[in-house]
Amino acid sequence: MSLMATRQKRLARWLGFDGNPLRRRSDRIEARFRLALSVAFVPLAVLAAGSFGHWVGAVGRQELSAQAFRQQVSAVLLKAVPDSDVVLGASVPLDAPARWYADGRRYIGTVPALPGTPRGARLTIWVNSAGRMATAPLTTSNVVTRVACAAALAVLAVFLALWLALSLVRGVLNH
């Protein structure tokens, strides 16, 4: 018997179409429910991935437009950053006092700096429209990555929901 014929027989048995006269009624119901969930998976997964991906993309575009006013400035450290223990081979940035100029005004605050950075060192930071330190703005590729991950998670969520539904039906039928 060929591999293809074996797979076809296994699929027919899994879907309850093998004509087994000893198959219980509950097994036939479960097999039909399994078939219905298998058929429903593709459209539900496409709908969920599209909807969730569209929503995450819209949120990302809003963040991109809100971050349009961020700019890079040079901050000067006011104190040297002390050496610290290395954690797992990587230095962890520490907060250090610094000053910077944005829109012609002077600001003082803390910026992340690597241990051992000397006083007077210049660091590039991002500031918002108010001159306060901010995170680096999103890029279009960041938004695309978020959309792709959201779509993949939506497909996984649909799969898990359908698997849970099948498990509940199995539990009820076996009870």
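Environment of CZ in Arg132: sparse, with no more than 12 heavy atoms of neighbouring residues, nucleotides or ligands closer than 6.0 Å. Other residues, nucleotides and ligands contribute at most 12 non-hydrogen atoms within 6.0 Å of the CZ atom of Arg10.
Of all non-hydrogen atoms in Val127 and Ala102, the two that sit nearest each other are CG2-CB, 4.1 Å. Closest of all the heavy-atom pairs between Val81 and Ala113 is CG2-CB, 3.7 Å. When all heavy atoms of Ser129 and Asp103 are compared, the pair lying nearest together is O-OD2, 3.8 Å. Of all heavy-atom pairs spanning Val39 and Pro43, the tightest one is O-CD, 3.3 Å. Across Ala150 and Val56, no two heavy atoms sit closer than the pair CB-CG2, 3.6 Å. The heavy-atom pair separating Leu94 from Pro115 by the smallest distance is CD1-CG, 4.2 Å.
A search for salt bridge (Lys or Arg N to Asp or Glu O under 4.0 Å) contacts involving Arg24 returns Asp27, not counting sequence neighbours. Partners of Arg70 according to the salt bridge (Lys or Arg N to Asp or Glu O under 4.0 Å) rule, which considers only residues two or more places apart in sequence or in another chain, do not exist here.
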CA sep, side-chain torsions, deciding dist, call: Phe33, Leu37, side chain to side chain contact (heavy atoms under 4.5 Å, CB included): CA-CA 6 Å; Phe33 191 72; Leu37 292 181; 3.3 Å; yes

Working for side chain to side chain contact (heavy atoms under 4.5 Å, CB included), residues Leu77 and Arg119: CA-CA 5 Å; Leu77 289 183; Arg119 178 180 186 263; 5.6 Å; no

Side chain to side chain contact (heavy atoms under 4.5 Å, CB included) assessment of Leu138 paired with Arg146: CA-CA 11 Å; Leu138 286 177; Arg146 284 182 178 182; 3.6 Å; yes

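No side-chain donor-acceptor contact under 3.5 Å links Ser51 to the backbone of Ala48. Checking side-chain atoms of Trp100 against main-chain N and O of Gly131 turns up a donor-acceptor pair under 3.5 Å. Listed for the Tyr107 side chain is a donor-acceptor partner under 3.5 Å among the backbone atoms of Ala130.
With values rounded to the nearest 0.5 angstrom, Thr135 atom OG1 is found 10.0 Å from Trp126 atom CH2. Distance OG1/Thr140 to CZ/Arg61: 10.5 Å, rounded to 0.5 Å. Between the CZ atom of Phe159 and the CG atom of Leu44 there is a distance of 13.5 Å, given to the nearest 0.5 Å. Distance check, rounded to the nearest 0.5 Å: CD of Gln67 to CG of Asn128 gives 10.5 Å. Interatomic distance, Arg23 CZ to Arg13 CZ, rounded to the nearest 0.5 Å: 8.5 Å. Going from atom CG of Leu168 over to atom CH2 of Trp163 covers 9.5 Å, rounded to the nearest 0.5 Å.
Criterion: ILVMFWY side-chain heavy atoms under 4.5 Å apart, direct or through other members. Under it, Ile29 and Leu166 are part of a common hydrophobic cluster. Side-chain heavy atoms closer than 4.5 Å link hydrophobic residues (I, L, V, M, F, W, Y) into clusters, and following such links, even through other members, never connects Phe52 to Leu156. By the rule that hydrophobic residues join a cluster once side-chain heavy atoms approach within less than 4.5 Å of another member, Met133 and Phe69 end up as members of separate clusters. Two different hydrophobic clusters hold Leu35 and Phe41 under the rule that ILVMFWY side chains link at heavy-atom gaps under 4.5 Å. Hydrophobic clustering (ILVMFWY, side-chain heavy atoms < 4.5 Å, transitive): Leu173 and Leu162 are in one cluster.
Side chains of Asn142 and Thr139: a donor-acceptor N/O pair is present below 3.5 angstrom, by distance only.
Among the candidates Thr124, Ile125, Leu123, the single residue satisfying the side-chain contact (heavy atoms from CB on, under 4.5 Å) test with Val73 is Ile125.
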